[in-house]
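Only this structure's heavy atoms are used, side chains among them; waters, hydrogens and symmetry mates stay out. One-based numbering along the sequence shown.
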Amino acid sequence: MIRELTNADRERVLEYLQKESSLNLFLIGDIHNHGFQRDFMQLWGDFDGEGNLRAVLLRWYNNYLPYSRQDFDASGFVRLIRERGDLRMMSGIAEVVNRFKEVGLPLDWSNRRDMHFAELTSGERLVPDEAPEPFRIRKATLNDVPKMMELQNQIVEFAHATNVEQSLRKMFESGDGRAYLVTLNDQVVAMGRTTAENPYSGMVVGVATHPDHRKKGLGSLIVSRLSRELLAAGKHLCLFYDNPAAGSIYRRLGYREIGMWSMVHA
């Protein structure tokens with residue numbers, strides 16, 4: 001049986017998700033920071049015949065994120081998504097996303113993006129916080145969103161990203177993440193942020209460097225600054241990557257792979 005989840009389900013949903021807390025960072029963070037049944041966010045649960053939770057589906061705007069570690073009613077979730085008619089993207093653990101391909105979810109499966117999911121629990125290998133001259137590093141604010149979007153629009157790798165400006169504004173307004181910028185003459189040339197922060201963890205996302213300023217350690221600087229702050233707060237960090245160059249940087253900083261993550265657009 002599939003039904004919408006409410007705050008009355010909070011305890012057992014979090015108990016189910018926390019058994020793989022790193023892989024469920026988005027789900028746990030969104031529940032902690034936003035609760036249930038918001039205009040931009042909904043959650044549904046799939047329950048077996050005895051009333052045990054066996055899968056969770058999150059809608060964040062028009063993106064969907066499923067999670068399960070057992071057999072579940074993927075076809076039922078597909079019917080729900082089709083009835084809503086707002087699907088733009090699905091993301092999640094690769095083996096869970098695979099179930100939706102098997103039951104015919106209408107996505108562009110030929111353009112699927114599979115990424116390595118990595119975790120950091122120690123800051124021993126992070127780089128120092130100081131930016132090389134003449135660059136400067138600083139914390140971002142809501143007023144920086146236009147400049148961040150300007151850089152975002154120059155990054156080929158982020159061409160298919162959706163709801164970025166909405167997510168940035170929501171991050172600053174809700175406090176569920178933080179962002180750092182590297183600037184040169186007041187121009188933003190590199191950036192990175194966290195999202196879905198909760199009492200236990202946070203996800204590093206949106207790490208981007210202007211093409212003219214790559215291979216100068218700016219991305220490593222931002223990831224290290226974000227990672228160091230969250231580790232100091234008693235949280236661990238997660239991120240995902242899909243190219244060897246990024247992977248070598250993150251591994252050098254101490255991140256280790258714990259799974260694969262898939263993103264598929266409509």
Would you indicate whether Glu11, at its atom CD, is surrounded by more than 12 heavy atoms from other residues, nucleotides or ligands within a distance under 6.0 Å?
no
Are Phe47 and Leu27 grouped together when hydrophobic residues (ILVMFWY) are joined by side-chain heavy atoms under 4.5 angstrom apart?
yes
For the residue pair Phe40 and His34, categorise the inter-ring angle as parallel (less than 30°), tilted (30 to 60°) or perpendicular (more than 60°).
perpendicular
Heavy-atom nearest pair, Ser75 first then Val103, reads OG-CG1, 3.4 Å
Determine, stepwise, if the pair Glu165 / Arg169 fulfils salt bridge (Lys or Arg N to Asp or Glu O under 4.0 Å).
CA-CA 6 Å; Glu165 185 168 357; Arg169 294 188 180 278; 3.3 Å; yes
Backbone of Ala140 reached by a side-chain donor or acceptor of Asp144 within 3.5 Å
no
Whether the side chain of Ser248 engages the backbone of Ala245 through a donor-acceptor N/O pair (distance < 3.5 Å, no angle test) should be reported.
yes
How close do Leu221 and Pro128 get, heavy atom to heavy atom, and via which atoms?
CD1-O, 3.4 Å
What ring-ring contact (aromatic ring centres under 6.0 Å, His included) pairs are there with at least one residue in residues 130-150, not counting sequence neighbours?
Phe135-His213
Pair Gln42, Glu4: side-chain N/O donor-acceptor within cut-off below 3.5 Å:
yes
State which residues pass side chain to side chain contact (heavy atoms under 4.5 Å, CB included) with Val207; sequence neighbours excluded, sorted by chain then number.
Val204, Val223, Tyr250
Over all atoms of both residues, closest heavy-atom pair of Tyr241 and Gly247
CE1-CA, 3.2 Å
Check whether more than 12 heavy atoms from other residues, nucleotides or ligands sit under 6.0 Å from atom NZ of Lys216, and answer yes or no.
yes
dist Ile31:CD1 -> Leu5:CG (nearest 0.5 Å) comes out at 7.5 Å
Quick one: are Pro211 and Ile155 in side-chain contact, heavy atoms under 4.5 Å?
yes
Lys170: which residues meet the salt bridge (Lys or Arg N to Asp or Glu O under 4.0 Å) condition with it, sequence neighbours left out?
none
Is a side-chain N or O of Thr194 found less than 3.5 angstrom from the main chain of Arg178, in a donor-acceptor match?
yes
Can you name the residues that form a salt bridge (Lys or Arg N to Asp or Glu O under 4.0 Å) with Arg3, not counting sequence neighbours?
Asp9
Using a 3.5 Å cut-off and no angle test, enumerate the donor-acceptor pairs between side-chain atoms of residues 181-190 and protein atoms at least two apart in sequence or in another chain.
residue: Asp186; atom: OD1; partner: Lys147; partner atom: NZ; Å: 3.3
residue: Asp186; atom: OD2; partner: Lys147; partner atom: NZ; Å: 3.1

Is any side-chain heavy atom of Thr195 closer than 4.5 Å to a side-chain heavy atom of Met203?
yes
Exceeds 12 heavy-atom contacts within 6.0 angstrom, atom CD of Glu130
no
Could you tell me which residues satisfy ring-ring contact (aromatic ring centres under 6.0 Å, His included) with Phe26, sequence neighbours excluded, listed by chain and number?
Trp261
For Ile258 versus Arg256, what's the shortest heavy-atom pair and its separation?
CG2-NH1, 3.4 Å
Chi angles and distances behind the ring pair (Phe, Tyr, Trp, His ring centres under 6.0 Å) call for Tyr67, Tyr16
CA-CA 10 Å; Tyr67 170 73; Tyr16 182 73; 5.7 Å; yes
Going by the rule ring-ring contact (aromatic ring centres under 6.0 Å, His included), which residues pair with Tyr180 if we only count those two or more places apart in sequence or in a different chain?
none
Please check this pair: side chain of Lys235 against backbone of Asn198, looking for a donor-acceptor N/O pair closer than 3.5 Å.
yes
Linking I/L/V/M/F/W/Y whenever their side-chain heavy atoms sit closer than 4.5 Å, directly or via other members, would Leu80 and Val78 fall into one cluster?
yes
State which residues pass side-chain hydrogen bond (donor to acceptor under 3.5 Å, both in side chains) with Glu257; sequence neighbours excluded, sorted by chain then number.
His116
What pairs of residues pass the side-chain hydrogen bond (donor to acceptor under 3.5 Å, both in side chains) test when at least one of them lies in residues 21-31, not counting sequence neighbours?
Ser22-Glu119, Ser22-His236
Could you report the tightest heavy-atom contact between Phe77 and Gly45, atom names first, then the distance?
CZ-C, 4.4 Å
What I want to check is whether the side chains of Asp114 and Ser262 have a donor and an acceptor closer together than 3.5 Å.
yes
For Phe36, enumerate each residue passing the ring-ring contact (aromatic ring centres under 6.0 Å, His included) test, keeping only those at least two apart in sequence or located in another chain.
none
Donor-acceptor contact below 3.5 Å, side chain Arg214 vs main chain Thr209
yes
With distance as the sole test, does Arg193 use its side chain to make a donor-acceptor pair with the main-chain N or O of Met171 at under 3.5 Å?
no
Criterion side-chain contact (heavy atoms from CB on, under 4.5 Å) on Met90 and Asn63, from CA distance to verdict:
CA-CA 6 Å; Met90 175 170 279; Asn63 299 336; over 6 Å; no
Pairs flagged by salt bridge (Lys or Arg N to Asp or Glu O under 4.0 Å) wherever residues 34-62 is involved - sequence neighbours left out
Asp46-Arg54
Residue set satisfying side chain to side chain contact (heavy atoms under 4.5 Å, CB included) with Asn62, at least two apart, ordered chain then number -> Asp86, Arg88, Asn163
Would Glu15 and Arg10 satisfy salt bridge (Lys or Arg N to Asp or Glu O under 4.0 Å), going step by step from the backbone distance to the final call?
CA-CA 9 Å; Glu15 181 182 2; Arg10 182 185 181 96; over 6 Å; no
Steps toward side chain to side chain donor-acceptor pair (under 3.5 Å) verdict (Ser91, Tyr64):
CA-CA 6 Å; Ser91 61; Tyr64 288 80; over 6 Å; no
So how far is it from Met89 CE to Met263 CE, rounded to the nearest 0.5 Å?
4.0 Å
Quick check: do Asp242 and Arg113 have side-chain heavy atoms less than 4.5 Å from each other?
yes
Where Ala74 and Phe100 come nearest, the two heavy atoms and their spacing
O-CE2, 4.0 Å
Report whether Leu253 and Ile137 are members of the same hydrophobic cluster (ILVMFWY, side-chain heavy atoms less than 4.5 Å apart, transitive linking).
yes
